[in-house]
Amino acid sequence: MTSTSLPISSARAEDFDEMGRFLNFLFHHGLEPEAHETERVIFEPQRALLVRDGPELVGTTAAFTRALGVPGGEVPAAHVSMVGVAPTHRRRGLLTALMRRQLREVHEARREPVTVLWASEGRIYPRFGYGLAAQRLQLTGDTNELRLPPPTADEGRLRLDRPADRLADLSRVYDTVRAARPGWSARDERWWRYVLLDPEAHRGGATERRVVLHEGPDGVDGYGLFRTKSDWDGTGPKCQTSVDEVVATSVAGYRAIWRMLLSIDLTRQVTFLRAAVDEPLLRLVDEPRRLNPRLVDALWVRVVDVPAAMAARRYATDVDVVIEVTDDLLPENSGRWRLQGGPKTASCVPANGPADLACDISCLGELFLGGGTLTALADAGRVRELQPGALAAADPAFIWHRTPSALEVF
């Protein structure tokens, strides 16, 4: 029996432990009991797929049911994770079979217009129609070389606490900012527990995670999640601060939180690995080069239902364009679609007339969160202009005033 003919089945709740052992082996981790039990709570067995060769588990994929922030609102999105194939069964079509089955189920049973994931390797998921929809900056700075503007008299007050004890404040601030930030996913209590998971085995010798909260005139309006790690040499301290999230609804709160994070006693280095491409910190410090920004990928989006997805988001300027789409895995998406929209409304319906632009489905994924541009895709030969001037006319509509970003790996 070839791998491609092995049956795919839905998971059961009791399969979770075996899946955990399987995926930890594939990703070269040990099984950490506290993390495993926290992940059990968010596991949705009805959305997980398994492949077995006899009794042996050889392939998995899963999805979580969450809302994803998009330009002008949010959409239901299948958050794909737990994807893996045993090294004994690679390059036999097994991953392709799992991805096809998952996309078909999302399209027919779940009615989610998009799927979204983090890619372990960037070359894998474009084969299945995913496009790079959001990037991130990895920042590593020498705190001795970074200065922020001096504090103002009305900059508020900072407090330190345990994150789990301030969950209500964190959730409220996060939800307020998330409403305007494409790429951020909804967090209920289960997902906050997952985000704040902090087993000692995952700390790499650093302290437990802490939170600094900013209190403005109306209460807590910002927070920063961070930890520190002790390090010394013959010249003295060179401790490190590792930042997970900085979320604030006010400029004063954002500045005050970063001022503290960059000036913790005995620390000499700060890292922030999931900064937004338009992170304000780059415009605040006196020497942004010292942050050593490195651009890497974050979220990959797959448009599952073209008319539903393209009508669910909003557009920076008025747009009226016919796009010819090709989709080998979900042929329902192939064809000509007339997209009309603007800042307040949008529609996407089948078109009878000639197309203005042509692309494959992965390009719509790259454009979906407002971070990609039609012109860049055209320059790469991935979007074709069929009617002169169509590219320049449509391009400004897809860009959003907030660059998409992602704070958590799911």
Query - With Arg294 via salt bridge (Lys or Arg N to Asp or Glu O under 4.0 Å) - residues at least two apart - result: none
Requested in this report: Decide if atom CG of Asp328 counts as having more than 12 heavy atoms of other residues, nucleotides or ligands within a radius under 6.0 Å.
Outcome: no
Requested in this report: Start with the C-alpha gap between Asp356 and Leu386, add the side-chain angles, then the distance that decides, and say whether side chain to side chain contact (heavy atoms under 4.5 Å, CB included) holds.
Outcome: CA-CA 5 Å; Asp356 301 306; Leu386 305 179; 5.9 Å; no
Query - Test item: Lys229 side-chain N/O and Thr207 main-chain N/O as donor-acceptor pair under 3.5 Å - result: no
Query raised in the report: Is any NZ, NE, NH1 or NH2 atom of the basic residue among Arg12 and Glu18 found under 4.0 Å from an Asp or Glu carboxylate oxygen of the other?
Result: no
Query raised in the report: Taking Glu366 for the side chain and Cys363 for the main chain, is one N or O donor matched with an acceptor at less than 3.5 Å?
Result: no
Query raised in the report: What are the two closest non-hydrogen atoms of Pro76 and Glu112, and how far apart are they?
Result: O-CB, 3.8 Å
Requested in this report: For a ring pair (Phe, Tyr, Trp, His ring centres under 6.0 Å) with His79, tell me which candidate from Phe410, Trp118, Phe64 qualifies.
Outcome: Phe410
Report task. Begin from the C-alpha positions of Asp297 and Arg136 and carry the test salt bridge (charged side-chain N to carboxylate O under 4.0 Å, His left out) through to its verdict. Result -> CA-CA 6 Å; Asp297 62 295; Arg136 60 189 166 112; 5.6 Å; no
**Report entry** Residue pair His36, Asn24: steps toward the side chain to side chain donor-acceptor pair (under 3.5 Å) verdict
**Finding:** CA-CA 10 Å; His36 186 67; Asn24 275 285; 5.3 Å; no
Requested in this report: Check the pair Tyr223 / Glu245 against side chain to side chain donor-acceptor pair (under 3.5 Å), numbers first and verdict last.
Outcome: CA-CA 8 Å; Tyr223 70 84; Glu245 298 184 5; 2.7 Å; yes
Requested in this report: Decide yes or no on side chain to side chain donor-acceptor pair (under 3.5 Å) for Ser362 and Arg382, but give the supporting numbers first.
Outcome: CA-CA 9 Å; Ser362 66; Arg382 296 177 55 204; 3.0 Å; yes
**Report entry** Residue pair Glu37, Arg193: steps toward the salt bridge (charged side-chain N to carboxylate O under 4.0 Å, His left out) verdict
**Finding:** CA-CA 11 Å; Glu37 292 307 310; Arg193 182 181 171 189; over 6 Å; no
Query raised in the report: In terms of side-chain geometry, is the basic nitrogen of Arg274 or Glu408 positioned less than 4.0 Å from the acidic oxygen of its partner?
Result: no
**Report entry** Residues, nucleotides or ligands: over 12 heavy atoms within 6.0 Å of Asp165 CG
**Finding:** yes
Report task. List the steps and the verdict of salt bridge (charged side-chain N to carboxylate O under 4.0 Å, His left out) for Arg338 and Asp320. Result -> CA-CA 7 Å; Arg338 184 179 183 184; Asp320 188 348; 2.7 Å; yes
Query raised in the report: Could you go step by step and tell me if Glu44 and Thr65 meet the side chain to side chain donor-acceptor pair (under 3.5 Å) rule?
Result: CA-CA 8 Å; Glu44 301 177 46; Thr65 305; 2.8 Å; yes
Query raised in the report: Short question: side chain of Asn333, backbone of Val304 - any donor-acceptor pair under 3.5 Å?
Result: yes
Report task. Might you work through the side chain to side chain contact (heavy atoms under 4.5 Å, CB included) test for Trp184 and Val177, ending with a clear yes or no? Result -> CA-CA 9 Å; Trp184 289 17; Val177 177; 3.6 Å; yes
Query raised in the report: If you measure from the Lys or Arg side-chain nitrogens to the Asp or Glu carboxylate oxygens, is any gap between Asp305 and Arg111 under 4.0 Å?
Result: no
**Report entry** Spacing of Ser242 atom OG and Leu261 atom CG [to the nearest 0.5 Å]
**Finding:** 10.5 Å
Requested in this report: Check Trp337 against Glu332 and note the closest heavy-atom contact, atom names and distance.
Outcome: CZ2-O, 3.6 Å
Query raised in the report: Which residue pairs pass the ring pair (Phe, Tyr, Trp, His ring centres under 6.0 Å) test when at least one of the two sits in residues 267-326, sequence neighbours left out?
Result: Trp258-Phe272, Tyr315-Phe398
Report task. Classify the side-chain pair Ser250/Asp221 by whether it contains a donor and acceptor separated by less than 3.5 Å. Result -> yes
Query raised in the report: Is the backbone of Gly353 close enough, under 3.5 Å, to the side chain of Arg336 for a donor and an acceptor to pair up by distance?
Result: yes
Query raised in the report: Shortest non-hydrogen contact from Trp232 to Leu266?
Result: CZ2-CD1, 3.9 Å
Query raised in the report: Below 4.0 angstrom, N of the basic side chain to O of the carboxylate: do Asp142 and Lys238 qualify?
Result: no
Report task. Taking atom CZ of Arg209 as the centre, report whether more than 12 heavy atoms of other residues, nucleotides or ligands fall under 6.0 Å from it. Result -> yes
Report task. Answer yes or no: is there a donor N or O on one side and an acceptor on the other, between the side chain of Thr143 and the main chain of Arg268, under 3.5 Å? Result -> yes
**Report entry** Where Leu357 and Ala394 come nearest, the two heavy atoms and their spacing
**Finding:** CD1-CB, 4.4 Å
Report task. Begin with the C-alpha distance, continue with both residues' side-chain angles, and end with the deciding distance and a verdict on side chain to side chain contact (heavy atoms under 4.5 Å, CB included) for Arg47 and Val106. Result -> CA-CA 9 Å; Arg47 304 210 66 177; Val106 170; 3.8 Å; yes
Query raised in the report: Is it true that a side-chain atom of Arg181 and a backbone atom of Thr403 form a donor plus acceptor pair closer than 3.5 Å?
Result: yes
Query raised in the report: Donor-acceptor pair, Asp395 side chain versus Thr375 backbone, under 3.5 Å?
Result: yes
Query raised in the report: What distance do Leu148 atom CG and Ser263 atom OG have between them, rounded to the nearest 0.5 Å?
Result: 9.0 Å
**Report entry** Main-chain N/O of Arg187 paired with Arg190 side-chain donor or acceptor, under 3.5 Å
**Finding:** no
Query raised in the report: Taking the side chain from Asp169 and the backbone from Arg166, do they hold a donor-acceptor pair closer than 3.5 Å?
Result: no
Query raised in the report: If you look at every heavy atom in Arg101 and Ile8, which pair is closest and at what distance?
Result: NH1-O, 3.4 Å
Query raised in the report: Taking it one step at a time, do Asp244 and Arg210 satisfy salt bridge (charged side-chain N to carboxylate O under 4.0 Å, His left out)?
Result: CA-CA 10 Å; Asp244 293 324; Arg210 297 162 181 169; over 6 Å; no
Requested in this report: List the steps and the verdict of side chain to side chain contact (heavy atoms under 4.5 Å, CB included) for His29 and Leu23.
Outcome: CA-CA 8 Å; His29 300 307; Leu23 290 164; over 6 Å; no
Query raised in the report: Would you call Glu105 and Arg110 a salt bridge, using N to O less than 4.0 angstrom?
Result: no
Query raised in the report: Would you find a donor on one side and an acceptor on the other, under 3.5 Å apart, between the side chain of Asn292 and the backbone of Thr140?
Result: yes
Requested in this report: Check whether the ring centres of Tyr254 and His214 lie less than 6.0 Å apart, and answer yes or no.
Outcome: no
Requested in this report: Return the minimal non-hydrogen interatomic distance between Ile361 and Gly129, and the atom names on each side.
Outcome: CG2-CA, 3.8 Å
